[in-house]
Amino acid sequence: MLLRIDPASSQPLYDQIADDVRRQASAGTLRAGDRLPPAREVAEALDVNLHTVLKAYQLLRDEGLVEMRRGRGAVVSAHAAALAALRDDALALAARARELGVGVEAVAALVRAAAEES
Amino acid sequence: MDKAISRALGAGVVTPVVATAAAVAVELAVMGDLPDPVATHWGTGGPDGFSAAWTVPLMTALTAGMLPLILGTSALLALRRGERGFTLRLLPAVAAGLSVYLGALLAGTLVIQRGLETAQDAPGVGSIMLVALPAGAVVGVLAWLAQPRETASVAAPSPASPLALQPGERAVWLGRAEMTPWALAFIVLATLAAWTGAALMWLAGDTVASAIITGVAVLLTALAATFTVAHVRIDASGLTVTTGVRLVRLRVPAEDVASVAAIDVHGLAQYGGYGIRQIPGATAVVLRPGPAIEVARRSGRRFVVTVDDAPTAASLLAAAGEAAHAAQD
């Protein structure tokens with residue numbers, strides 16, 4: 001599993017780590033049943049605080065993308081398939097937004113607003 | 001047919017089939033003249049293991065036939081894919097020599113027991129060894145010489161393009177390499193069997209045997225824990241492979257990475273087996289056939305490790321290598 005973080009970005013580190021997992025679930029490289037690496041190993045390799053990684057895993061668990069299993073650690077849930085199913089829609093929306101010159105942040109805000117309305 | 005393939009077919013498939021058929025034919029021919037049971041194992045003081053005569057042709061078919069055939073066909077499959085190399089020339093030669101040696105040995109042990117009242121009187125197997133061992137060695141060497149010396153004709157794998165990273169961005173790729181479930185099940189069962197055997201021996205009160213079998217069980221457990229799973233980590237410092245229990249740790253520092261490629265690896269054909277393998281010019285951690293990354297070191301040596309999602313792993317390691325070289329210049 002590939003994890004990349006940019007300490008210079010304004011996005012919190014734990015959110016960047018969670019985003020990496022979401023992105024790979026939607027791309028299909030992470031599937032239901034795949035194990036996430038132990039948080040301690042990730043923290044050591046990325047040179048970040050252990051709690052940052054645990055917070056990312058916690059966030060993913062609250063979303064239902066990851067299940068915490070005793071003895072097996074963090075495991076990707078069946079919810080990954082839902083993210084993968086949305087990938088084409090997301091690509092299409094991003095392409096359309098680029099065509100119209102609408103920025104990513106604006107598109108994200110529109111999606112958020114649409115979710116709140118319905 | 002290509003010369004390398006036809007010669008490998010002769011050495012790795014035809015020779016074991018013919019040698020095994022001949023050995024089994026000899027064994028069946030003398031079957032009527034044998035004591036029952038026959039001696040099948042010899043200690044320093046003469047025969048010390050006995051079995052029914054029919055088990056010998058069966059053992060011959062399995063050890064002189066099946067085992068060499070597996071070696072031979074695995075090499076042939078790789079040759080037909082267009083691969084060439086040292087191991088692929090060696091495997092059919094080993095298959096030919098092994099089948100002749102084992103076939104001659106097993107058939108010989110029955111031939112020397114012809115006409116005996118009881119297998120207790122069976123003579124020693126030294127003379128059989130004196131014939132079987134050189135015969136196997138000669139056939140093996142001939143099979144080696146008969147095959148053409150060809151170096152890999154497959155194009156070198158195309159190097160992975162480095163992953164684009166922002167300045168200051170940190171990236172890590174964490175993966176694992178696992179044996180196939182079948183291989184894993186076999187190893188777990190063998191380990192359990194050894195422990196069961198050890199427990200039974202302790203219960204039976206045979207101290208020497210139980211100590212030996214316990215030792216074997218401990219060794220098998222350590223090997224199983226070491227060679228069934230490996231953790232692979234790629235970050236700015238390079239590539240680290242750690243085995244299941246942290247007994248073995250292999251590293252390729254980023255500065256030492258010349259190029260990286262995602263490849264398909266076949267342990268038996270290319271490295272003569274699975275586990276941590278050393279062959280001339282390369283070190284490989286091959287736990288299953290399939291996707292792997294191949295690192296060319298600056299020294300020219302190659303390091304191969306099986307991983308899932310090899311293209312991603314290769315591109316990150318390529319980026320780490322590039323960054324390390326840039327930092328040095």
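The chains referred to below are lettered A, B, ... by the order of the sequence lines, with proteins before strands, and numbering in each begins at 1. Basis for what follows: all heavy atoms, side chains included, without hydrogens, waters or symmetry-related copies.
Of the atoms belonging to Asp20(A), not a single heavy atom falls under 4.5 Å from chain B. If you measure heavy-atom distances from Ala8(A) to chain B, you find no contacts under 4.5 Å at all. For Arg233(B), the part lying under 4.5 angstrom from a heavy atom of chain A is the side chain only. Using a 4.5 Å cut-off between heavy atoms, Leu165(B) touches chain A through backbone and side chain atoms alike. For a residue to count as touching a neighbouring chain, one of its non-hydrogen atoms must lie under 4.5 Å from one of that chain's; by this rule Leu316(B) touches chain A with the side chain only.
Using a 4.0 Å cut-off between a side-chain N of Lys or Arg and a carboxylate O of Asp or Glu, Asp256(B) and Arg301(B) do not qualify as a salt bridge.
The structure places NE2 of His325(B) at 3.5 Å from CZ of Arg298(B), a figure rounded to the nearest 0.5 Å. To the nearest 0.5 angstrom, Asp308(B) atom CG is 11.5 Å from Thr29(A) atom OG1.
Inter-residue side-chain proximity for Arg176(B) and Leu287(B) is flagged as unmet; no heavy-atom pair is nearer than 4.5 Å.
Side-chain atoms of Arg35(A) never come within 3.5 Å of backbone atoms of Pro38(A) as a donor-acceptor pair (strictly under, hydrogens ignored).
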